[in-house]
Amino acid sequence: MTNVNVDRETLRELANAGNETALDRLADLADTAGDVVELSELLDEGSMHAGFLLTQRAVATGDLRELQRISDAGYDEAGNELERLLKAPADEPRD
């Protein structure tokens, strides 16, 4: 198997042409770089993987507003996590 090092520009071109795997790869790169703004933009473009990554970050910090925003942007699991956190007893540790 060949190790292919694809640059961001190529990934962006592929994503713009509708390639969801390229969009997911861009989300992984943004997540690794800690670029929440780019992740949010990718979610707005329809990347459910970006939604997943943003949801993980929001749950880890207990950011309820961000979970609502992610859910509103179309990633339903963020809404599920928001409901779970809202229903947790006040003394229960939040993941």
Side-chain angles (χ1 to χ4, degrees):
M1 185 172 179
T2 305
N3 184 11
V4 178
N5 186 11
V6 181
D7 63 81
R8 281 180 174 273
E9 185 177 321
T10 301
L11 288 172
R12 173 48 56 200
E13 288 174 15
L14 292 170
N16 289 345
N19 186 307
E20 289 185 32
T21 304
L23 198 59
D24 290 350
R25 188 110 175 246
L26 283 170
D28 285 333
L29 291 173
D31 185 55
T32 299
D35 191 340
V36 177
V37 171
E38 184 177 3
L39 279 171
S40 293
E41 290 170 357
L42 291 167
L43 175 60
D44 291 342
E45 290 179 43
S47 171
M48 291 301 103
H49 186 57
F52 168 76
L53 295 169
L54 285 166
T55 298
Q56 283 186 318
R57 287 173 173 269
V59 167
T61 61
D63 191 337
L64 303 179
R65 287 183 184 97
E66 180 66 1
L67 286 169
Q68 183 66 57
R69 188 198 69 75
I70 298 164
S71 177
D72 290 346
Y75 187 67
D76 294 336
E77 187 57 33
N80 296 339
E81 287 295 329
L82 176 60
E83 287 300 311
R84 182 182 66 80
L85 291 174
L86 288 172
K87 290 178 181 177
D91 60 336
E92 182 178 304
R94 298 188 180 190
D95 301 324

Going only through I, L, V, M, F, W and Y residues with side-chain contacts under 4.5 Å, is there a path from Leu53 to Ile70? yes

Quick check on the hydrophobic clustering: are Leu14 and Leu23 connected, directly or via other members, by side-chain heavy-atom contacts under 4.5 Å? no

Are Met48 and Val36 connected in the hydrophobic side-chain network, where two residues link if heavy atoms are under 4.5 Å apart? yes

Heavy-atom check, side chain of Leu54 versus side chain of Arg69, under 4.5 Å: yes

Should Leu82 and Val59 be regarded as members of a common hydrophobic cluster, given that ILVMFWY residues are connected when their side-chain heavy atoms come within less than 4.5 Å of each other, either directly or indirectly? yes

Show the numbers, then the answer: is there a side chain to side chain contact (heavy atoms under 4.5 Å, CB included) between Leu11 and Leu29? CA-CA 10 Å; Leu11 288 172; Leu29 291 173; 3.6 Å; yes

Write down the atom of Arg57, the atom of Gly34, and the distance for their closest heavy-atom approach. NH2-CA, 3.5 Å

Would you check if Gln56 and Asp31 make a side-chain contact, meaning some heavy-atom pair closer than 4.5 Å? no

Pairs under 3.5 angstrom only: tabulate donor-acceptor contacts from the side chains of residues 71-80 to other protein residues two or more places apart or in another chain.
residue	atom	partner	partner atom	Å
Asp72	OD1	Gln68	NE2	2.9
Glu77	OE1	Asn80	ND2	3.2

Between the side chains of Arg84 and Glu81, is the shortest nitrogen-to-carboxylate-oxygen separation below 4.0 Å, so that they form an ion pair? yes

Using every non-hydrogen atom in the two residues, find where Ala30 and Leu42 come nearest and quote the distance to one decimal. CB-CD1, 4.5 Å

Does Arg12 form a side chain to side chain contact (heavy atoms under 4.5 Å, CB included) with Leu26? I'd like the steps, not just the answer. CA-CA 7 Å; Arg12 173 48 56 200; Leu26 283 170; 3.6 Å; yes

Side chain to side chain contact (heavy atoms under 4.5 Å, CB included) partners for Glu20, two or more places apart: none

Should Thr55 and Glu66 count as side-chain neighbours, where that means a heavy-atom distance under 4.5 Å? no

Measure across Asp24 and Ser47 and return the closest heavy-atom pair with its distance rounded to 0.1 Å. OD1-OG, 3.7 Å

